[in-house]
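Here's the structure we're looking at; comments come further down.
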Amino acid sequence: MALIVHKYGGTSMGSAERIKNVAKRVAKWVRAGHQLVVVPSAMSGETNRLLGLAKEISPDAHSDSHLRELDMIASTGEQVSVGLLSIALQAEGVEAVSYAGWQVPIKTNSAFTKARIESIDDVRVRADLAAGKVVVITGFQGVDPNGNITTLGRGGSDTSAVAVAAALKADECLIYTDVDGVYTTDPRVVPEARRLKAISFEEMLEMASLGSKVLQIRSVEFAGKYRVPTRVLSSFTPWDINIDEEAKSGTLISFEEDEKMEQAVVSGIAFNRDEAKITVVGVPDKPGIAYQILGAVADANIDVDVIIQNVSHDGKTDFSFTVHRNDYAKTVDLLKAKVLPALGAADVVGDQKICKVSIVGIGMRSHAGIASKMFGTLSAEGINIQMITTSEIKTSVVIDEKYMELAVRELHKAFDLDQPKA
Ligand code: ADP
Ligand code: ASP
Ligand code: MG
């Protein structure tokens, strides 16, 4: 008997029929003798619908008190899902009980709309499991130290599932989704993308952090920190397929640099359209400038990604960085109100029509010339690179959003990712 956590994404929970199907699959695992905790997302489109309503009422608000209400609203999507899945399980003859995040409780900090899980109490869940019940826990949400409902950022149900698996020391966390594993890049953008049987934890971390939405970055961090065996697999296979076959399907996140793993120099390509570029123009080139700009941004709890500062002419320079698009307006307001006057900089300008495309691979450590091949491929397509950032196992470029799909497709070809590996 093993303790297994299943996570089902929005599409997998997308209709009453699909929820019944999830219940049948879970029931199969229970009948095979396992203890099951299930973490579903809101039904597909529901979180967007809920947040859309809030935006209709108050399009530009971004105060903390507004964000608190967004979490109150968005968290209801998952609350509906757990209730529906529990009654579907009961209809299958399986004892099931649902909990919202605050009931477990899943404790988080107070960073509304992007809260971090701080601890998970396992007492209640363990008691139910011991009583033979399936426990169905809301994805995406928690409760802060003041009892406020929080959410974990878009895609956060992955993180709930892996964190619950870590807290329960589960034998495995299975992330069921609408693709049958992790691919060399998003198969919706590049149909030639190939599924990876396994991906190293480090590569998965980079892919997720660079925008591959198949797993939320924090779920991968949890998997790494607590060594949770985690697998991404399809919820669209027939629910009654052989359980051993199902358990080996999809993509395993591997913690060893296994020799049998596909050793490509570049393993995958990630991209995202979620960022916006902000440039503070005409900044005096003197010590402390980066700190004055980015310190103010960090104090407002806004994450900064790519940063560039150029050499100065006449003692003035431009300072550019990217933030999440959701934080764009807030960041520009903050810079105009607080930082520009103090710095004596000329202006703040922004560009929301950018994207970031990244190549990822642990093989890049030991191979030179990979980044230049990337730049060459983009230049052959006439794509201008606005910003570049590199680490040991990735190179990212910021380019005009309209070239995103072209760039991803050409890079996928250039690095032979569409070729089956021997
Ligand atoms: P869920 O609702 O199950 O959480 P998501 O939409 O969040 O599903 O994530 C699954 C989607 O991630 C896929 O449908 C696919 O379009 C996208 N995706 C992006 N990059 C990749 C990748 N490298 N491999 C597989 N899927 C990817
Ligand atoms: N329902 C949330 C979202 O749409 C969380 C998730 O699906 O993981 O972002
Ligand atoms: Mg998701």
Side-chain angles (χ1 to χ4, degrees), residues 2-32 34-48 77-78 80-89 91-92 94 96 98 134-140 154-162 164-165 170-183 186-188 193 195-199 204 208 212-216 219-220 223 228-253:
L3 171 50
I4 316 269
V5 175
H6 281 193
K7 181 258 168 176
Y8 291 90
T11 321
S12 314
M13 293 288 295
S15 64
E17 214 40 55
R18 287 190 180 159
I19 293 173
K20 285 191 204 168
N21 224 49
V22 166
K24 290 198 165 83
R25 192 183 297 277
V26 172
K28 173 180 79 180
W29 282 76
V30 172
R31 292 193 185 108
H34 301 303
Q35 290 186 315
L36 264 286
V37 175
V38 188
V39 179
S41 293
M43 296 171 76
S44 59
E46 187 58 12
T47 310
N48 285 345
E78 272 68 11
V80 170
S81 281
V82 289
L84 291 174
L85 183 55
S86 291
I87 61 173
L89 283 163
E92 282 298 315
V94 173
S98 70
V134 170
V135 184
V136 187
I137 301 176
T138 48
F140 185 51
R154 299 308 303 269
S157 299
D158 298 328
T159 303
S160 308
V162 179
V164 164
D171 296 286
E172 207 166 350
C173 183
L174 302 179
I175 310 278
Y176 288 87
T177 183
D178 56 3
V179 275
D180 63 352
V182 179
Y183 279 67
D186 189 338
R188 286 183 213 283
R195 180 172 62 82
L196 302 164
K197 286 202 187 73
I199 182 166
M204 192 64 241
S212 291
K213 301 219 160 79
V214 63
L215 286 179
Q216 198 200 37
S219 70
V220 187
V228 181
T230 303
R231 183 180 286 277
V232 176
L233 68 171
S234 172
S235 69
F236 288 152
T237 54
W239 68 265
D240 56 352
I241 62 167
N242 178 283
I243 196 167
D244 298 325
E245 197 185 306
E246 186 173 315
K248 284 195 295 247
S249 65
T251 302
L252 178 72
I253 298 175

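FYI, the numbering just counts along the sequence from 1.
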Margin query: Keeping Ser212 on the side-chain end and Ala208 on the backbone end, is there a donor-acceptor pair under 3.5 Å?
Written below: no
Notebook entry, point to check: Which distance, rounded to the nearest 0.5 Å, do you find between the OG1 of Thr138 and the CG of Leu85?
Noted result: 12.0 Å
Margin query: Whether the side chain of Thr251 engages the backbone of Val182 through a donor-acceptor N/O pair (distance < 3.5 Å, no angle test) should be reported.
Written below: yes
Check: At what distance, to the nearest 0.5 angstrom, does CD1 of Ile241 lie from OG of Ser249?
Finding: 5.5 Å
Next item on the list: Carefully, step by step, assess Val214 and Ile175 under the rule side-chain contact (heavy atoms from CB on, under 4.5 Å).
Entry: CA-CA 9 Å; Val214 63; Ile175 310 278; over 6 Å; no
Check: Of the options Asn21, Val38, Val136, Val94, which is the one that meets Val26 in a side chain to side chain contact (heavy atoms under 4.5 Å, CB included)?
Finding: Val38
Note to self: When you measure from the side chain of Glu78 to the backbone of Phe140, do you find a donor-acceptor pair of N or O atoms at a distance under 3.5 Å?
What the structure shows: no
Check: Does the pair Ser219 and Thr159 meet the rule for a side-chain hydrogen bond (donor to acceptor under 3.5 Å, both in side chains), with working shown?
Finding: CA-CA 4 Å; Ser219 70; Thr159 303; 4.5 Å; no
Notebook entry, point to check: Looking at OG1 of Thr230 and CG of Leu215, how far apart are the two atoms once the value is rounded to the nearest 0.5 Å?
Noted result: 8.0 Å
Next item on the list: Without swapping roles, check the side chain of His34 against the backbone of Ala2 for a donor-acceptor pair under 3.5 Å.
Entry: yes
Next item on the list: Scan Lys213, Gln216, Lys7 and name whichever one has a side-chain hydrogen bond (donor to acceptor under 3.5 Å, both in side chains) with Asp158.
Entry: Lys7
Notebook entry, point to check: Quick check: does any side chain N or O of Ser12 sit under 3.5 Å from a backbone N or O of Gly10, one acting as donor and the other as acceptor?
Noted result: no
Next item on the list: Please state whether the rings of Tyr8 and Tyr176 are parallel, tilted or perpendicular, taking 30° and 60° as the class boundaries.
Entry: parallel
Checklist line | Pairwise side-chain contact, Arg231 with Cys173, heavy-atom cut-off 4.5 Å (strictly under) | finding: no
Item checked: From OG (Ser41) to CE (Met13), nearest 0.5 Å -> 8.0 Å
Check: With a 4.5 Å heavy-atom cut-off, do Lys197 and Leu252 have their side chains touching?
Finding: no
Next item on the list: Of all the heavy-atom pairs spanning Pro229 and Ala170, show the shortest one and how long it is.
Entry: CD-O, 4.5 Å
Next item on the list: Check whether any side-chain heavy atom of His6 sits under 4.5 Å from a side-chain heavy atom of Val39, and report yes or no.
Entry: no
Next item on the list: For side-chain contact (heavy atoms from CB on, under 4.5 Å), just list the numbers for Trp239 and Lys20, CA-CA rounded to whole Å, side-chain angles, deciding distance to a tenth of an Å, and then say yes or no.
Entry: CA-CA 10 Å; Trp239 68 265; Lys20 285 191 204 168; over 6 Å; no
Check: What is the distance from atom CH2 of Trp29 to atom CD1 of Ile243, rounded to the nearest 0.5 Å?
Finding: 4.5 Å
Note to self: Treating Thr11 as the side-chain partner and Gly14 as the backbone partner, does any N or O pair qualify as donor plus acceptor under 3.5 Å?
What the structure shows: no
Notebook entry, point to check: Is Asp180 close to Arg195 at the side-chain level, that is, under 4.5 Å between some pair of heavy atoms?
Noted result: yes
Notebook entry, point to check: Quick one: does Arg25's side chain have a donor or acceptor within less than 3.5 Å of a partner on Thr237's backbone?
Noted result: yes
Checklist line | Contact check, side chains of Val164 and Ile137, non-hydrogen atoms, under 4.5 Å | finding: yes
Item checked: Test log, rule side-chain contact (heavy atoms from CB on, under 4.5 Å), inputs Val5 and Glu172 -> CA-CA 6 Å; Val5 175; Glu172 207 166 350; over 6 Å; no
Next item on the list: Answer yes when Arg188 and Asp178 have at least one side-chain N-carboxylate O distance shorter than 4.0 Å, and no when they do not.
Entry: yes
Item checked: Contact check, side chains of Val82 and Pro40, non-hydrogen atoms, under 4.5 Å -> yes
Check: Can you list every pair that meets salt bridge (Lys or Arg N to Asp or Glu O under 4.0 Å) and has a residue in residues 234-245, with sequence neighbours left out?
Finding: none
Notebook entry, point to check: Counting N and O atoms only, with roles assigned by atom type, does the side chain of Lys24 sit under 3.5 Å from a partner on the main chain of Ile19, one being a donor and the other an acceptor?
Noted result: no
Margin query: For the backbone of Val179 and the side chain of Ser234, can you confirm whether one donor and one acceptor N or O come within less than 3.5 Å of each other?
Written below: no
Margin query: Could you go through Val30 and Val134, starting from their C-alpha distance and side-chain angles, then the distance that decides it, and tell me whether this counts as side-chain contact (heavy atoms from CB on, under 4.5 Å)?
Written below: CA-CA 8 Å; Val30 172; Val134 170; 3.5 Å; yes
